Structures are given as C-alpha cells and as structure tokens.
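Computed from a predicted model, the values in this text were never measured in an experiment.
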Amino acid sequence: LAVYDGQLWRLLSAHIVHLDAGHALLNCTGLALLWALFARSYRLGQWLWALVVIVATIDLGFWFISTGLQWYVGASAVLHGVFACGCIALVRQRDPVGYVAAAIFVAKIVWEQLHGPLPFETEHPVVTVSHAYGAIGGVLFLPGSPGTTARRRVATRRADTADR
C-alpha cells in the first residue's frame, strides 16, 4: 500500500503501466475501437476533461472504497469510463447504436461485479471493480452539450429524414 505511504504518483502511473506488451496492445486496441466509435461525440477539450474526471473517480474509488487493493495497472478502467461517456453521448443524440452499446456495457459491468471477469478475460488478472469506477467516472462527466461534429451529424440525419 505504497500510495498510503506517500507514493501518490502511483495513482496516475497505474493507468499507464501495463503487465506486459500483450496487455498494452489489448488496451491500445480497445482505445482505437472506442476512438472509432465515439471520437466525434465530444470536442477534444471535453474528452481531456472527461479523462481527468474518469481518472480522479477511479483513484478516489481505490483510495476510499478499495482500501485493501494491493495492485492495479493498465488502462482498462479509463477505457470503461470513455465507453460510458461515448454511450451517454450517443443516447443523448437518440442514436440506436448508443442504446445497444449502453445495454451491453451495463450488462458487462453488472456481470463483472457479480461474477468476476468475463470468461474470455483470463489471460491477465482483472481488477473488475476498477471497471465500475471508470464507468462511474464516465457517467459523472456530463458536459452541457455534445461536440459540434456530433450535433452536425444529428442535424444531417434529421435533414435526411425530412427529405424522405
């Protein structure tokens, strides 16, 4: 419990350090998929602020709730927060993909909290509570409005629908 002994940098570095190259590659792949799905949902500044909120929420969860946690490394909790932010943006835009993604995401988080990691997540140890903290951080980040590109996409869909 080095964090309690003053090694507070571990609260940030834990999200950057990975178990091995395969773990890092898995997280990078997840980031690429989330970026492809949700990047246009918010402006860059909103995404950066979302990351601050997500990381802070995860770290506060570790500090105040998971006080016996001995280790955590990787970006999966942050990725879960990004997924939550993206789902919220798409649902707010009434995008059907957002509803489907949100339902699957909520089911995954609930499964992990009740049963542990998903059956295919056995190669590396998983701190599933971190995924819940990340998701909570993603939900806590509720900007006033989605990014301009997302608004433009919705406006385009409405115009297309009106033309039919």
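Val106 and Trp111 end up in different hydrophobic clusters when Ile, Leu, Val, Met, Phe, Trp and Tyr side chains are linked at under 4.5 Å. Ile16 is not connected to Trp71 by any chain of hydrophobic side-chain contacts under 4.5 Å among Ile, Leu, Val, Met, Phe, Trp and Tyr, and they are in different clusters. Val139 and Ile136 end up in the same hydrophobic cluster when Ile, Leu, Val, Met, Phe, Trp and Tyr side chains are linked at under 4.5 Å. Cluster annotation: Val126 is not connected to Leu26 through the hydrophobic network of ILVMFWY side chains, with a link wherever side-chain heavy atoms come within less than 4.5 Å.
Taking the six-membered ring where tryptophan is involved, the planes of His15 and Phe62 are essentially parallel, since the angle between them stays under 30° and well short of 60°.
Shown here for Trp47 and Ala39, the closest heavy-atom pair between the two residues is NE1-O, 3.2 Å. Residues Leu37 and Val97 share a closest heavy-atom pair of CD1-CG1, 4.2 Å. Residues Val78 and Ile54 come closest through the heavy atom pair CA-CG2, 3.9 Å.
In this structure, the side chain of Glu112 does not engage the main chain of Ile109 through any donor-acceptor pair within 3.5 Å. At distances below 3.5 Å, not a single donor-acceptor pair connects side-chain atoms of His115 with backbone N or O atoms of Gln113. Looking only at distances, a side-chain donor or acceptor of His23 sits under 3.5 Å from a matching main-chain atom of Leu19. Side chain of Tyr42 to backbone of Leu44: no donor-acceptor contact under 3.5 angstrom is found. Proximity of a side-chain donor or acceptor of Asn27 to a complementary backbone N or O of Ala75 within less than 3.5 Å is detected. In terms of modelled atom types and a separation under 3.5 Å, the side chain of Ser130 and the main chain of Val127 share a donor-acceptor contact.
Residues Tyr133 and Ser66 have side chains that bring a donor and an acceptor to within less than 3.5 angstrom of each other.
In this structure, CG in Leu31 is found 12.5 Å from OG in Ser76, a value given to the nearest 0.5 Å. With rounding to the nearest 0.5 Å, the separation of NE2 in His80 from CD1 in Ile58 is 10.0 Å. Rounding to the nearest 0.5 angstrom, the gap separating the NE2 atom in His131 from the CG atom in Leu118 is 9.0 Å. Rounded to the nearest 0.5 angstrom, Phe38 CZ and Cys85 SG are separated by 9.5 Å. Rounded to the nearest 0.5 Å, atoms OG1 (Thr29) and CG (Leu25) are 4.5 Å apart. Here the CG atom belonging to Leu140 is positioned 5.0 Å from the OG1 atom belonging to Thr57, to the nearest 0.5 angstrom.
For the side chain to side chain contact (heavy atoms under 4.5 Å, CB included) test with Phe141, the passing option among Val53, Val52, Leu51 is Val53; the others fail.
Between Leu60 and Ile65, every side-chain heavy-atom pair lies at or beyond the 4.5 Å cut-off.
Crowding of Trp63 atom CH2: a count of heavy atoms from other residues, nucleotides or ligands under 6.0 Å exceeding 12.
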